Amino acid sequence: MLIGREKEKQVLQNALSEEYSQFVAVYGRRRVGKTFLIRETFENQFDFQFTGAANLTARKQLVRFRRALKEHGQKDTPELTNWGDAFSELKRFIANLSEGKKVIFLDELPWMDAPRSGFLSELESFWNGWASARKDIVFVVCGSSTSWMVKKIIKNKGGLHNRLNHRISLNPFPLGLCEKLAQSRGLVLNRKQILEAYMIFGGVPYYWSLLQKGTSITAEIDRLIFSPNGELHDEFEMLYASLFKKPEPYIRVIELLARKKMGMTRHELLVAGKFEDNGAFSDILKDLEWCGFIRSYTMMGYRTKSDIFQLIDHYTIFYYEYIGGVRQGSNYWRSMLGTPKYNSWCGLAFERTCLWHVDQIKKKLGISGILTNEYAWRCLPDESTGRSGAQIDLLIDRSDGIIDVCEMKYSKDSYTITSDYAGELARKRNAFQAVTGTKKAIHSIMVTTDGLAQNEYWGDIQAEIHLDDLYEL
């Protein structure tokens, strides 16, 4: 059953009714549901479908491609010696099909592009020189290696430049869709329990599909991740190895960012990781951002070259916090509940969840239609002025003359603003105003799991966002 994805599904369905042939690319990180979306939309009714296989030579891919043609009914298919032969046979196969729209689906496209195979140039020739001139083809391509899909297909500077009719970037689910997915699977969970799972899995549908009903989230985390036979026992290694041909430098960047909650500048990463300052390093950062593992943001009041890169993938953060290659036993997660380390992790993971739900925060604030920019901000202590250091994880800079300073707090019950915390909030606002020189009004916004206790400091807060608000779709 397909949950959500209404807009993406409509794009695919509309391609069937267009007058001319359509070229559609679907991309997004591993496990996000790209293939499932395509199969469900077309109800598995493909005139031809082929899925590339990881780490195979071009010759072995071609053997599999020939087998797929034969399985779809192509007769007298000769041995394929190169991708030119393969696409010629595909054209012959399509030409012999009956009238009407023909859906051709090539899955895991990056794996077909073996070194020196000539795959991409033959793909370009197939589309530009033949398929695009027809009126009866819906050509759908897909791949988990987001960086390859973006570079080679989406932003292709060669023969496929501006040849795509539609591009579909498939993002992880927000909390609201994860709730719907859980309900569709018969899982009885309250919103706090769904949040706990989200803080580990993020909105990756495949991870959620592994949860079994009739048990607790805590037990499921132990079963899936910490049990030696768990489906996600080796997910970290598989995740990065499947996306990048040489994953080591990517993992090195991820490891560095995992230690820095607020993130690091490009220069800081270069120094700490001992990388060479060249285009290859820039490509690593772009690839990780395209795949949704990191984000780049500008600190308000700083120039673009001071962009900060921050790790935002929930599963990767959880891996470095709790797994890290050392298995702790099948009851490990249960033993962590309520410990100081667990409570600290909940606070940080909830902040990351809020960063994935800025649209929901803006909706609750009633500013969905207002032009905004989102930032994080930090400043170091200044002994000459006596100013202490400060950091703000989420600033919403609004075009209506207001800056919302968002504070995110995870708690078991209503959160109480103490005298000390009220003073800390005031210091942050004052430091931010002094350093940036902004003339805009500064509003303190609290995003909490269970609301705020109303005391003498409650009135200093301009607006509250509750966990339920983050579930809005």
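What you see is a predicted model; the values in this text were computed from it and never measured. Every heavy atom of this structure was used, including side-chain atoms; hydrogens, water molecules and symmetry mates were not.
- Within 6.0 Å of atom NZ in Lys70, 12 or fewer heavy atoms from other residues, nucleotides or ligands are found, so the atom counts as exposed in its surroundings.
- The closest donor-acceptor contact from the side chain of Ser184 to the backbone of Leu181 lies under 3.5 Å.
- Applying the side chain to side chain donor-acceptor pair (under 3.5 Å) test to every pair with at least one member in residues 167-182, sequence neighbours left out, gives these pairs: Glu179-Arg191.
- A side-chain donor-acceptor contact under 3.5 Å links Gln10 and Asn14.
- Put simply, the side chain of Phe105 does not reach to within 4.5 Å of the side chain of Phe42, judged on heavy atoms.
- Among residue pairs with one or both ends in residues 193-215, those qualifying as side chain to side chain donor-acceptor pair (under 3.5 Å) are Arg29-Tyr207, Glu196-Trp333, Tyr207-Glu235; sequence neighbours excluded.
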Exercise for the section: Go through Arg163 and Glu124 one step at a time and tell me if the side-chain contact (heavy atoms from CB on, under 4.5 Å) criterion holds. Expected result: CA-CA 9 Å; Arg163 294 290 184 158; Glu124 293 172 356; over 6 Å; no
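- For Lys101 (side chain) and Glu18 (main-chain N/O), a donor-acceptor pair under 3.5 Å exists by modelled atom type.
- With respect to Leu257, the side-chain contact (heavy atoms from CB on, under 4.5 Å) criterion is satisfied by exactly one of Leu311, Ile317, Ile312, Leu288: Leu311.
- When the side-chain hydrogen bond (donor to acceptor under 3.5 Å, both in side chains) test is applied to Trp148, the partners found at least two apart in sequence or on another chain are Asp113.
- The aromatic rings of Phe275 and Phe281 are tilted relative to each other, their planes meeting at an angle between 30° and 60°.
- Counting heavy atoms from C-beta on, the side chains of Pro172 and Trp356 come closer than 4.5 Å.
- Checked against the 6.0 Å centroid threshold, Phe126 and Trp83 do not count as a close aromatic pair.
- Asp393 has a carboxylate O that lies under 4.0 Å from a charged side-chain N of Lys261, or vice versa, which qualifies the two as a salt bridge.
- Using cut-offs of 30° and 60° for the angle between ring planes, the Tyr319 and Tyr315 rings count as tilted.
- Sorted by first and then second residue, the pairs that involve residues 6-27 and meet ring pair (Phe, Tyr, Trp, His ring centres under 6.0 Å), not counting sequence neighbours, are Phe23-Trp127, Phe23-Phe139.
- The closest side-chain heavy-atom distance from Leu170 to Arg5 is below 4.5 Å.
- Geometric assessment of Lys260 against the ring of Phe309 yields a negative cation-pi assignment under the 6.0 Å and 45° thresholds.
- Proximity of a side-chain donor or acceptor of Arg66 to a complementary backbone N or O of Thr77 within less than 3.5 Å is detected.
- The closest side-chain heavy-atom distance from Ile367 to Asp404 is below 4.5 Å.
- Ser216 and Arg334 share no side-chain donor-acceptor pair at under 3.5 Å.
- Within the 4.5 Å cutoff, side-chain heavy atoms of His314 are placed close to those of Thr353.
- In this structure, the ring of Tyr240 has its center less than 6.0 angstrom from the ring center of Phe293.
- In this structure Thr35 satisfies the side-chain hydrogen bond (donor to acceptor under 3.5 Å, both in side chains) test together with Asp107, sequence neighbours excluded.
- By the side-chain hydrogen bond (donor to acceptor under 3.5 Å, both in side chains) test, Gln74 pairs with Glu89, sequence neighbours left out.
- Atom CZ of Phe201 sits about 12.0 Å away from atom CG of Asp313, to the nearest 0.5 Å.
- A heavy-atom distance below 4.5 Å is found between the side chains of Asp287 and Lys151.
- Residues Leu243 and Arg30 form a side-chain contact, since some pair of their non-hydrogen atoms from C-beta on lies under 4.5 Å apart.
- For Glu220 and Arg223, the salt-bridge test passes: some basic side-chain N is under 4.0 Å from an acidic carboxylate O.
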